[in-house]
Amino acid sequence: MGDDLSHKVTLLALVAAALTAAGAAITAGTHASPAVIGWLGAMAFFAIALATAATARGLKAADDLREPREPHGPSHPAPLPSDVTRRGVFGQIWGIGLGAFGLLAVVPFFALQRRTSKPGTAWRAGSRLVNPDGKPMRVDDLAIGGVETVFPEGAVNAPEAATLLIRLPENTADVDPARHDWVQQGNIAYSKICTHAGCPVAIYREQSLELYCPCHQSVFDVLGSGRPVSGPATRALPQLGLDIDAHGYLIARGDYVDPVGPDSWGRPT
Amino acid sequence: MMARRGERFLDDRFGSNAAVRFFLAKIFPDHWSFYLGEFALYSLVMLFGTGIWLTFVYEASSQGAYASVVALTTATPIGYLVRQVHHWSAVVFVAAILIHMARIFFTAAFRNPREINWIVGLLLLVLSSIAGFTGYSLPYDALSGTGLRIMDSVLLSIPFAGTWAADVLNGGNYPGPQLLAHLYTFHVLFIPAAIVILLSAHLGMMVYQKHTQFVDDPGHVVGRRMWPDYALRALTAFAVTVGLIIALSATLEINPIAAYGPYLDWTVPNPATPDWYAAFLDGAVRLGPAVEFQLFGHPLPALFWPGIVMPGIVLGALFAWPWIDARIAKDSAAHDVLVPASRAPWRLGVGVAFLFAAVVLTFAASDDQQALMLHVPVTALVTAYRILLPFGSIGVGMLAAILAREVASRRDEFGGDPEPERVVALRRNANGGFDTEAPNT
């Protein structure tokens, strides 16, 4: 690029940069669309790039320059005229002393242990099952094949309490015999918190009677006590025992027997 | 005029003009790939600028976080743009660091005497990823809240310390009352401070040890002066990076949290996939074995292996790589001249295998969507990815190494490389003649 051309392009680009930058600043104060403001701003920077690039092209073409590289070391400095720096037992004592200071820096962090939450969920014996709007669920509120997220009455959105209430098809009442009375007229309930990584097991597959977690694709068997069928989960979804109160509403038999959510070192199964 | 007076003022007090002149006259080797790290630096500048702005509108509490970010996004176009630029800058930042790191790896720039700078660079990558993850989590929307919950579960899977760490972070069980306040402190204080300190060390070491170069003249730095050549190119790179980030932000909406809704522990968008640079972890968690061991009567959850052990081994190998490389190459001498990837087929193979594995894990993080598209069960894809991960990586790595070796031998067959440019430095001697200094090759 010739000297002249480089100058002209640089000048034009700088003018364009100033104009677009001013445009961006003015429109930013209005309710112009973000696309307009943003593109004006972007154009300002692209114009600056053009100006610097044109200036660089206008420089006299020169060969690469060379300057010597010094070797990287070692530097072998003269020893300090001091007795204190002498190695030996003093150095070791210093080391132990500094180590103690290191402990002092680390130990306070272990005092940070705090637990504000009690184990278990908000479910109690006799808690009515309510939907996210707080409406109590009757035993026949769900159509067959239906599914609803439920909470204990008075504790909608309580952590770890989210539960999936499923109405089984009539011809599939053959659930685990040991938990036969946890199911009421085809209503069966499982924790919605995945035992793998704590995601919501949000999807009910009505055809195969499975619960599916969209995070890591664990699949749980609704008829088989919530045991994992495929995916990375290793533990069954906890099942909530159901009963019916005198007014025909679904209630819990108590809190979950099995721990809700992922396993951890500090929470033995 | 003002600049001239300021310069005089400082020079009178610090004698600073000599240092400025030294820096402006410094010679930097030049190659297009040396700008990759600069792209990261410039996006970091954008992150700080927009980040400071965002601290004035963000509310770090589980009740107010989501609403404050949605309000910011919808109230004014400039608020929307600032958040867009912040998120896009983070994407460019992490991407630029990764590509910069790949360049360092494939050209063997990490060798003696630059091992420490390789480690500092890796620490910067780790910090940037944590900065990205915490920042992505702050809006506390349905998607990022679910990501936080998974992160909490991964923390909980660590033997001995995991429960303590998760409790401290949350201030109780997930989602504890202090989770967002703690994340916010990490995101706006600890991590940026650590990045600034490590980045200063990174650049300081680079200037002090001088940049590597492709020109085969180990005794000299070959390149252009800082002023005007390099400064103009760096300015161009800066303006292009900033322009690109703003253009992306103005055009493509990123992380539309208003569409996801606020986080509740029982809702999740489907499909649920994290930001791309964290996706390899999610992929590993999807492919991990469904086994839970017992250790001293405590559970060791399945999450521990893909969530903690796998990234631990990968990071450990990366940190140790300069020494592993020196042992494989039987070369622990100091080097300032880069090795093109094609000249070291084994290193190319290792790097390609590593990248392939990362890509497989990243793709595995959306296996559910692929299963839908391909009309196959997701379990079949999991099996396929489990096989592809070890065998595909090794196979592709070996293929790359063999191809590179083949290309190198063909090059020798057809007369080899052109004779490298000979460099002879001349030095005036006391007699008025010239002495030649042989290049120490």
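Ring geometry for F45(A) against F238(B) counts as perpendicular: the plane angle is over 60°, on a 0 to 90° scale with 30° as the lower cut.
Side chain to side chain, W39(A) and T251(B) meet the donor-acceptor criterion of an N or O pair below 3.5 Å.
Heavy-atom distances place both the backbone and the side chain of A247(B) under 4.5 Å from chain A. Neither the backbone nor the side chain of D152(B) comes within contact range of chain A; no heavy atoms are under 4.5 Å apart. For V382(B), no part lies near chain A; criterion is any non-hydrogen pair under 4.5 Å. When heavy atoms are compared at a cutoff of 4.5 Å, Q369(B) does not approach chain A at all. With a 4.5 Å cut-off on non-hydrogen atoms, I150(B) touches chain A through its backbone and its side chain both. Using a 4.5 Å cut-off between heavy atoms, V291(B) contacts chain A through its backbone alone, with no side-chain atom that close. Residue contact with chain A, scored on non-hydrogen atoms closer than 4.5 Å, is absent for P274(B).
Minimum interatomic distance between P232(A) and A302(B) (heavy atoms only, all atoms of both residues): O-CB, 4.0 Å. Of all heavy-atom pairs between P214(A) and D368(B), the closest is O-OD2, 4.0 Å. Residues P29(B) and R69(A) approach most closely at CG-NH2, 4.4 Å, considering heavy atoms.
Of the charged side-chain nitrogens involved, none lies within less than 4.0 Å of a carboxylate oxygen, so that K26(B) and E67(A) do not count as a salt-bridged pair.
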Open item on the list: Please determine whether side chain to side chain donor-acceptor pair (under 3.5 Å) holds for the pair N112(B) and H72(A), giving the CA-CA distance in whole Å, both sets of side-chain angles, and the decisive distance to 0.1 Å.
Closed with: CA-CA 9 Å; N112(B) 180 5; H72(A) 291 288; over 6 Å; no
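With sequence neighbours excluded, no residue forms a side chain to side chain donor-acceptor pair (under 3.5 Å) with Y190(A).
Judged as a salt bridge (charged side-chain N to carboxylate O under 4.0 Å, His left out), the pairs with a partner in residues 212-222 of chain A (not counting sequence neighbours) are, in order, D221(A)-R227(A).
Taking CD of Q213(B) as the start and CG of D64(A) as the end, the distance is 9.5 Å to the nearest 0.5 Å.
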